[in-house]
Amino acid sequence: LAENALTSLHDEEYDVPLNLQNLNHSTMVFTKGRTSTSLNGHWNFCVDLLDTGLRQKWYEMQPANPVDRVEPWDYDPYMGESIPVPSNWAMLKEKWYFFEGSAWYTKKLTPELFKKRDSDAESGHRYILRIGAAQYDCKVFLNGKFLGNHYGGSTPFYVELTDDLAEETNWLMLCVNNTRTLDRVPMRNTDWFNYGGVYREVELFSLPREFIRDMFIRLSQDGRAIEVDVVVDRAVDSAVDSAVDGPSIHHAYLEIPELGISQKISIEQGKGTCRIAAEPERWSPENPRLYEVVLTAGEDRITDNVGFRSIVRQGVDILLNGEPIWLRGISVHEDDDTLGKVTSDEDIRRRLAHAKELGCNFLRLAHYPHHERAAELADEMGFLLWQEIPVYWAIDFDNHNTLKDAKNQLIELIKRDRNRASVIIWSIGNENPDTDSRLSFMRDLAETARLNDPTRLVAAACLINHAKLKIEDRLVDHLDVIGINEYYGWYDENFDDLYAIGKNSDPDRPVVISETGADGDNSSQGPSEGLFSEKYMADVYRRQIDTLQKLAYIKGMSPWILYDFRVERRQNIFQRGFNRKGLIAADKSTKKEAFHVLASFYHSIKD
Ligand code: GCB
């Protein structure tokens, strides 16, 4: 009740025209490969536990005319403390470690940022702000005007600044709120840390008046052609548009030089679609072949590096380029001992290098969309990916706003990464109770995934009926791949049960063990044997491998997890604020015994 009251306070009492998910997937812009101006770096910052800023309208306070103040504000967004962006505030100061609430970010945008450059389009400019990720609700204000808000902590969002830019200095403000509420996705209870803040890059894009908003390119289902969908956006109702009365775009041109493709695509009412006969070399983990793709439309031009491959489910098999594949995987969180959820190419490359050392061809990026560089680097280095949205445990399946939020996060993830050959699975949930409302909620998500991307497999971490000792979940009928999280040897001690489940279940589609594992504290404080010891953990891995490899319908596994990761809820003497199921400690270098157990299994089945 208290939580709901707080939500409605946000909407009504603060008098901000809050438009839930105003900045949703429909505002997305294709930005990969484009040049941008970075707005990373220092931003003025202030935590605001009581949401005073929304009540006092700090965003309306302009530095140019401070005399307009009717009363003193309790904070001055143009002075005071600053923090780096991207960052998570929990990692910056001890007093912010557990802070949950709103925080204000203010950045001065100098006129040079908007000066016309030689390379710029002739027809005018549109300025698009891209925020890589902000946990969880982000309200965007420019020069005191509310431009929209975004829900969802791990997907990028875009806001057009063009019409609201001042001639001289502009002030950009963000109000980011990471409060966990029952209606959010995820809700309150998660097994990872609630890192608040703007923790991925902030960029400004200068685009021509008509620009390419989206491109979806893939191998056709029959494998004989390349298919592409294009969306071109035209400035509507903007000052730029009324000033320049140019024609709208009727054609786009696709080039894939290495395949000799140069194709004209008709655009009608901003949309075009095309099938081009082609025989590209297939992308696979062994041969991660990427082709440069160039799309031009009017004065706009985008490029991408794309791999072409097929992925289908046939009976209990997963076929990559027509061949059955076994997924030698590992689960990973986006978590760093000192940086929180801030990630970098170096961090992702280290993760993939460790996965390679394990003998993996597959990673489960749990439990929310990771940085887009993860899929780009997996494309380059040859890994298959399971990507997911945080429909985690018991979220509010009866709430239509929760569904709206989950669907939006799913579409934003799919639209961001659907040109990545590495991504083979969209996962729509993790260990959710089998209720009627959950079934209809998740059926809707499965349909949404297929509608936005008919070329990949849909999965979820499903349920085991522990009384009947078999896989049993009504959601299974709506999936291509059944994920199973099981912790025999850890939460469930009796290993014979795992064997019984294996025998009692007769799934008609592939099963991937999306999680299994055990905690192992390998520090000097860790026990030498029994629960929480490295030795016990390694034993669990041995027994798991021994049991699972006998089940023919299991087509892969992604044990939990590559690195120890931070979480508020685990505070026993061996955990000390971390989930210690990592094969490698939180320092991302000290390997535990179980690492070598899994590596020797994966290397033994590799060929
Ligand atoms: C699970 C969850 C995962 C937890 C893990 C654990 O089943 O999906 O988020 O971290 O178990 O360690 O308990």
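These figures come from a predicted structure and were not determined experimentally. Counting starts at 1 for both ligands and their atoms, in listed order. Just so you know, residue 1 is the first one in the sequence shown, and it goes up from there.
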Can [X] and [Y] be counted as having a side-chain donor-acceptor contact under 3.5 angstrom?
X: Q135; Y: N194; answer: yes
X: E201; Y: H371; answer: yes
X: Y136; Y: D405; answer: yes

Exercise. Mind jotting down which protein residues get a heavy-atom contact under 4.0 Å with ligand 1? Chain and number order, please.
Key: D191, H367, Y392, N430, E431, N485, Y487, Y491, E515, W560, F565, R570, N579, K581

Practice problem: For residues 483-505, pull every pair meeting salt bridge (charged side-chain N to carboxylate O under 4.0 Å, His left out), keeping only residues two or more places apart or in separate chains. | Solution: none

Quiz item: Should the pair W89 and Y105 be assigned to parallel (<30°), tilted (30 to 60°) or perpendicular (>60°) ring geometry?
Solution: tilted

Quiz item: Does the distance from a Lys or Arg side-chain N to an Asp or Glu carboxylate O, for E100 and R184, drop under 4.0 Å?
Solution: no

